[in-house]
Amino acid sequence: MYELFKNLGVWLTSGAQWSGSDGIAHRLAEHLQYSLLATLVAAAIGLPLGLLIGHTGKGAFLAINLASFGRALPTVGLVVLVFLAGGLSMLPVYVALVALAVPAIVTNTYAGMTAVDPGVKDAARGQGMRGHQVLFQVELPLALPLIMTGLRLALIQVVATATIAAYVSFGGLGRYVFDGLAQRDLVQVLGGAVLVAVVAVVLDLLLSTLQRLLFRHRTA
C-alpha cells in the first residue's frame with residue numbers, strides 16, 4: 001500500500017505527466033469544459049422550469065419526482081443508448097450529463113420558490129405588482145440561496161460523472177481511469193480518481209464560499 005501511494009505521488013508530481021495532449025493539465029481543461037457546458041445547458045433548461053412550477057404552483061408532482069429520477073438515472077446506460085442512436089460524438093455524454101444535472105436544479109429552484117413567505121407575495125400584489133414583477137422582483141431574489149445550492153449540487157454531480165466521456169473514447173480525467181483499467185495500471189486509475197475528487201472538492205469549496213459571500217447579509 002505504501003508503495004502504491006508513493007508511486008501515485010510520483011505520478012501526480014512528474015513534470016512529464018502534466019504536459020502534452022495526454023497530460024493532466026490538458027485532461028483537466030477537457031473535464032472542466034464538459035462539466036461547465038453541461039451544467040450551463042442544464043441551468044438553461046432547469047431554472048425556467050423550476051421558476052415556472054414554483055411561481056404557478058402547477059407541476060409540483062413533476063418537480064418532486066424529478067429528484068428521484070435523477071438519482072435512479074443509469075448514466076452509462078443513457079450514454080450507450082444515445083451513442084447507438086447518434087453515433088460517435090460528444091452528444092451522448094452531454095445528454096447524459098445534462099439529464100443528470102436538470103433534476104437537482106429544478107427541485108432546488110422549486111424549493112426556493114415555495115419557501116418564499118406567501119404574505120410577502122400577497123403584499124407585493126397588494127402594491128399593484130403584476131405576476132412577472134412578483135416573480136422577478138420578490139420571489140426570485142428570496143429564492144436565490146436555494147437556487148444557487150441546486151446549481152452547486154448539479155455542477156459537483158456533473159464533475160464527478162464527466163469521467164464517462166472517456167467511456168466513448170473522448171477525453172477528460174476519466175481517460176486515466178479507463179486507460180488505467182485497460183492497461184491494469186492501478187496507479188493511473190487511482191490518479192484519475194484522486195484528480196476528479198480534488199476537482200469536485202475544490203469547486204464545491206469555491207462555490208460554497210461564493211454563496212456565503214453573496215448572501216452573508218441575510219444571516220447577519
Side-chain angles (χ1 to χ4, degrees), residues 1 3-46 69-105 150-207:
M1 183 64 70
E3 192 67 24
L4 174 62
F5 283 102
K6 179 182 176 182
N7 291 336
L8 175 62
V10 173
W11 187 87
L12 288 170
T13 56
S14 170
Q17 189 60 48
W18 283 82
S19 60
S21 59
D22 292 327
I24 293 174
H26 183 72
R27 295 303 185 197
L28 174 60
E30 290 177 329
H31 202 92
L32 289 174
Q33 176 189 331
Y34 303 156
S35 302
L36 293 175
L37 181 55
T39 305
L40 284 173
V41 173
I45 298 170
F69 169 77
R71 286 192 292 269
L73 182 69
T75 309
V76 174
L78 183 58
V79 169
V80 173
L81 180 63
V82 180
F83 171 75
L84 292 174
L88 181 61
S89 70
M90 274 297 296
L91 178 63
V93 176
Y94 282 123
V95 168
L97 294 178
V98 169
L100 176 70
V102 165
I105 296 173
L151 291 171
R152 172 183 158 197
L153 290 173
L155 178 59
I156 301 310
Q157 286 179 321
V158 168
V159 167
T161 312
T163 52
I164 60 172
Y167 187 77
V168 285
S169 303
F170 288 95
L173 296 174
R175 188 80 271 153
Y176 299 125
V177 176
F178 285 96
D179 288 351
L181 288 172
Q183 300 164 13
R184 296 186 179 181
D185 185 347
L186 186 56
V187 171
Q188 188 176 181
V189 173
L190 184 59
V194 167
L195 287 169
V196 172
V198 168
V199 170
V201 169
V202 169
L203 284 176
D204 188 43
L205 289 174
L206 288 174
L207 291 175

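- Under the 3.5 Å distance criterion, the side-chain polar atoms of N7 are matched with a main-chain donor or acceptor of E3.
- Here L40 contributes atom CG and I45 contributes atom CD1; the two are 11.5 Å apart, rounded to the nearest 0.5 Å.
- Although no hydrogens or angles enter the test, the distance criterion places a donor-acceptor pair under 3.5 Å between the side chain of Y34 and the main chain of G171.
- Using a 4.5 Å heavy-atom threshold, the side chains of V196 and Y176 count as separate.
- Between Q17 and L12 the shortest side-chain heavy-atom distance does not fall below 4.5 Å.
- A pairwise comparison of heavy atoms in F178 and T163 identifies CE1-O, 3.3 Å as the closest pair.
- Scanning all heavy atoms of the two residues, the minimum distance from A104 to Q157 falls at CB-OE1, 3.9 Å.
- The two residues L97 and V158 have their closest heavy-atom pair at O-CG2, 3.8 Å.
- Annotation: the span from R184 atom CZ to L186 atom CG amounts to 12.5 Å, rounded to 0.5 Å.
- In plain terms, the two heavy atoms of H31 and L173 that are nearest each other are ND1-N, 3.2 Å.
- In terms of modelled atom types and a separation under 3.5 Å, the side chain of R175 and the main chain of F170 share a donor-acceptor contact.
- Residues T39 and I105 share a closest heavy-atom pair of O-CD1, 4.4 Å.
- Judged by distance alone, the side chain of S19 and the main-chain N or O of A16 form a donor-acceptor pair under 3.5 Å.
- Separating the CG atom in L203 from the CD1 atom in I156 is a distance of 5.0 Å, to the nearest 0.5 Å.
- Of all heavy-atom pairs between L151 and A43, the closest is CD2-CB, 3.8 Å.
- A distance of 4.5 Å separates CG in L28 from CG in L32, rounded to the nearest 0.5 Å.
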